[in-house]
Novice: 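Let me give you the structure first, and then I'll get to my questions.
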Protein chains: 2
Amino acid sequence: MQESQASETTQKSIEVTIVSGILSAKIRPGTRLGENQLAALFGVSRTRVREAMMRLETRGIVHVSPRRGWFVVEPSAEDAIAVYEARRVVEAGLLRSMALLTEEGRKALDAHLNEERNAMAAGDRQRLTYLMGDFHIRIAELSGNTIIVDILRDLTARTILISMLYQSEFHAAQSHEGHCRIFEAMQTGDFVRAAELSVEHLDEVEMGLDLTARPDPLSDLRKSLSLPPRTASSTFQPSDPKIPTTKEQ
Amino acid sequence: MQESQASETTQKSIEVTIVSGILSAKIRPGTRLGENQLAALFGVSRTRVREAMMRLETRGIVHVSPRRGWFVVEPSAEDAIAVYEARRVVEAGLLRSMALLTEEGRKALDAHLNEERNAMAAGDRQRLTYLMGDFHIRIAELSGNTIIVDILRDLTARTILISMLYQSEFHAAQSHEGHCRIFEAMQTGDFVRAAELSVEHLDEVEMGLDLTARPDPLSDLRKSLSLPPRTASSTFQPSDPKIPTTKEQ
DNA sequence: CCTGGCTCTCTTGCATACAAGACAGGAAGC
DNA sequence: GCTTCCTGTCTTGTATGCAAGAGAGCCAGG
């Protein structure tokens, strides 16, 4: 999103920038988020960067390795399973609790599915990743319950990190079809069916993961040697290359 | 729970102390949480207190009024409705996703219900409040999914704050019966029924609230005059009176 | 060539200092 | 008496400084 100079509203912009970056698959799991780097990027002191990191940590988006740095989480296979389970629970519970789909909501979802189709046609993979996750958030928004929206946003962010680690190929068409089916069920007012389809859809995506493929083939070894998690900063390509070879200080 | 001197593990003890205090109804909504007070209590600097506050803010437990202080949230009527809806979604979704009740789990819930009975017999209202909320957290723990446990813990904390604001009388027996019914359904393996009962139970509790009774009859006026939210510190009675009239510095 | 240890640098952890806003209380003017 | 303004105090907001830990790299010894 916006860059530095975002002073004044920098309050939470660090947080949203990073989450947005993850939701659109621009930031990879394991990316190192140096306090000094971010402080320079946003033109603030480390204090505020740390605040943002703490918030993101409680949201399960980043974690800190003492005296070594902040890193975007690299969910383990167990984490991945837990995240998908949590999503099934929340999303199915949400759909079952719905009573009707307003015309407004119908339009919003319809427009979203069109966006998915456009992105597929254009082959815009990053945008596609974002849209595939966003669909579920949009459904939550229909409920008007910001608590659930926030929960699902964070879970979706983790889902995307998981897919970057364990998903070899991206079955966009399959996901899109799943979304369409859910939408159809919702349109007919059959929310129980929509919930079931949602669970199936999430199962499908989860099954498409190769959870045996460890994110880093050497992670076992690294851990036993207490070496740093793969920084992956070399593969971090922000759309706006604001992080040059900033040899900080 | 433990007090100052908790150095070393002070890492997150501020957070858990406050959340525990809320879960056991020892800290009222609107309680002012001064950075200096907490810093003195825990024997750390404001920095770490602020970190804890930020985390709690992310979790929806406290909020900050700029340059005026941190306060335990006072959920509005709308917030209350949203919290109960979120709980219904998550808890019903969770129960529906369960396949079996292990013997271990059965014992845990059974023991818990006994504790409820004991607290009712003893008339220990604080403990009862804690147990009534904890029952739902225990169910989440059965799933072994820490994500869901954390979500429900925070929602339960907010629920207790809501009950302190809007619940005139405490229908402990009614809640206990609701829990027993849910447990019975789970024992028979009928998790769909358990989910339905759970929704009914939450509806019952929600209906027992008087959401027309504003937490502070003058809150509208206060807001328009941008006066401080009611501190309620005068009604704050920690079981361990560690916060005397600490005229900080 | 390999191994062990040393140092040097870079990172976060934490405390502190100072800035700035929000009230409270009192004094001055009407 | 009432209102208005002003000043003092207390709060959080933010930056900065210093300490301590973790590695990376180098050098010596085998």
Side-chain angles (χ1 to χ4, degrees), chain A residues 4 6-15 30-57 62-72 218 221-234 243 245-249, chain B residues 4 6-15 30-57 62-72 218 221-231 233 243 245-249:
Chain A
S4 46
S7 54
E8 188 169 321
T9 57
T10 324
Q11 204 71 11
K12 304 215 163 176
S13 83
I14 301 176
E15 234 178 311
T31 302
R32 186 193 141 86
L33 300 171
E35 293 182 3
N36 286 325
Q37 289 178 45
L38 292 174
L41 262 175
F42 287 88
V44 297
S45 77
R46 279 178 51 217
T47 305
R48 300 178 73 180
V49 173
R50 279 180 68 79
E51 289 177 2
M53 291 299 113
M54 305 261 173
R55 287 197 164 98
L56 288 175
E57 190 182 34
V62 306
H63 78 109
V64 62
S65 183
R67 310 270 178 197
R68 305 205 324 101
W70 297 88
F71 300 89
V72 175
L218 298 177
L221 187 53
R222 278 175 207 275
K223 257 177 194 158
S224 59
L225 299 176
S226 72
L227 286 172
R230 182 174 51 183
T231 51
S233 58
S234 54
I243 305 182
T245 40
T246 317
K247 277 220 57 121
E248 25 180 346
Q249 86 182 12
Chain B
S4 47
S7 52
E8 188 169 321
T9 57
T10 323
Q11 204 70 10
K12 306 214 163 175
S13 83
I14 300 176
E15 234 179 309
T31 302
R32 186 193 141 86
L33 300 171
E35 293 183 3
N36 287 326
Q37 289 177 44
L38 292 174
L41 262 174
F42 286 87
V44 296
S45 76
R46 280 177 50 219
T47 305
R48 299 179 75 181
V49 173
R50 279 180 69 79
E51 289 177 2
M53 291 299 114
M54 305 262 174
R55 287 196 165 97
L56 288 175
E57 190 182 36
V62 307
H63 77 109
V64 63
S65 182
R67 310 269 178 194
R68 307 207 317 103
W70 297 89
F71 301 87
V72 176
L218 300 177
L221 186 54
R222 280 175 205 275
K223 258 178 195 158
S224 58
L225 299 176
S226 73
L227 287 172
R230 180 174 54 181
T231 53
S233 59
I243 304 183
T245 40
T246 317
K247 273 221 60 119
E248 26 181 343
Q249 82 183 14

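Naming: A, B, ... by sequence-line order, numbering from 1 per chain.
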Novice: Can you name the closest pair of heavy atoms from A:Met53 and A:Val62 and give their distance?
Specialist: O-CG2, 3.6 Å

Novice: What integer distance in Å separates A:Arg48:CZ from C:dG13:P?
Specialist: 19 Å

Novice: Could you say whether A:Pro66 or A:Ser45 is positioned toward the 5' end of DNA chain D, judged by the nucleotide with the nearest heavy atom to each?
Specialist: A:Ser45

Novice: Using a cut-off of under 3.5 Å, enumerate the N/O to N/O pairs linking the protein to nucleotides 5-7 of chain C.
Specialist:
none

Novice: Let's see if you can work this out: which of C:dA15, D:dT12, C:dT11 has an atom nearest to the side-chain heavy atoms of B:Thr47?
Specialist: C:dA15

Novice: For the pair made of CG in A:Leu33 and P in C:dC10, what is the distance, rounded to whole Å?
Specialist: 20 Å

Novice: Could you state the CD-C1' distance from B:Gln37 to D:dC10, rounded to the nearest angstrom?
Specialist: 12 Å

Novice: Where is the tightest heavy-atom contact between B:Val64 and B:Glu57, given as atom of each residue plus distance?
Specialist: CG1-OE2, 3.5 Å

Novice: To check you understand the geometry: which heavy-atom pair defines the closest contact between B:Arg46 and B:Ala39, and what is its length?
Specialist: N-CB, 4.1 Å

Novice: Where is the tightest heavy-atom contact between A:Leu38 and A:Leu33, given as atom of each residue plus distance?
Specialist: CD1-CB, 4.0 Å

Novice: Let me know the distance between CZ of B:Arg68 and C1' of D:dT12, rounded to the nearest Å.
Specialist: 11 Å

Novice: Who pairs with B:Thr47 by side-chain contact (heavy atoms from CB on, under 4.5 Å), at least two apart in sequence or on another chain?
Specialist: B:Ser45, B:Glu51

Novice: Does the side-chain contact (heavy atoms from CB on, under 4.5 Å) test come out yes or no for B:Arg50 and B:Glu35, once each step is laid out?
Specialist: CA-CA 7 Å; B:Arg50 279 180 69 79; B:Glu35 293 183 3; 2.7 Å; yes

Novice: To the nearest Å, how far apart are B:Glu35 CD and D:dG13 P?
Specialist: 6 Å

Novice: When the distance from CG of A:Asn36 to C1' of D:dT16 is rounded to whole Å, what number comes out?
Specialist: 12 Å

Novice: Can you identify which nucleotide, out of D:dA15, C:dG13, D:dG13, has its nearest atom closest to the B:Trp70 side chain?
Specialist: D:dG13

Novice: Please tabulate the protein-to-nucleotide N/O contacts below 3.5 Å involving nucleotides 17-20 of chain D, giving atom names and distances.
Specialist:
{"from": "D:dA20", "atom 1": "N3", "to": "A:Arg67", "atom 2": "NH1", "distance (Å)": "3.3"}

Novice: Measure the distance from CZ on A:Arg32 to P on D:dA22 and round it to the nearest whole Å.
Specialist: 15 Å

Novice: Measure from the side-chain heavy atoms of A:Arg50 and tell me the nearest of C:dA22, C:dT12, D:dA15.
Specialist: C:dT12

Novice: Whole angstrom is fine here: how far is it from NE2 in B:His63 over to P in D:dT12?
Specialist: 13 Å

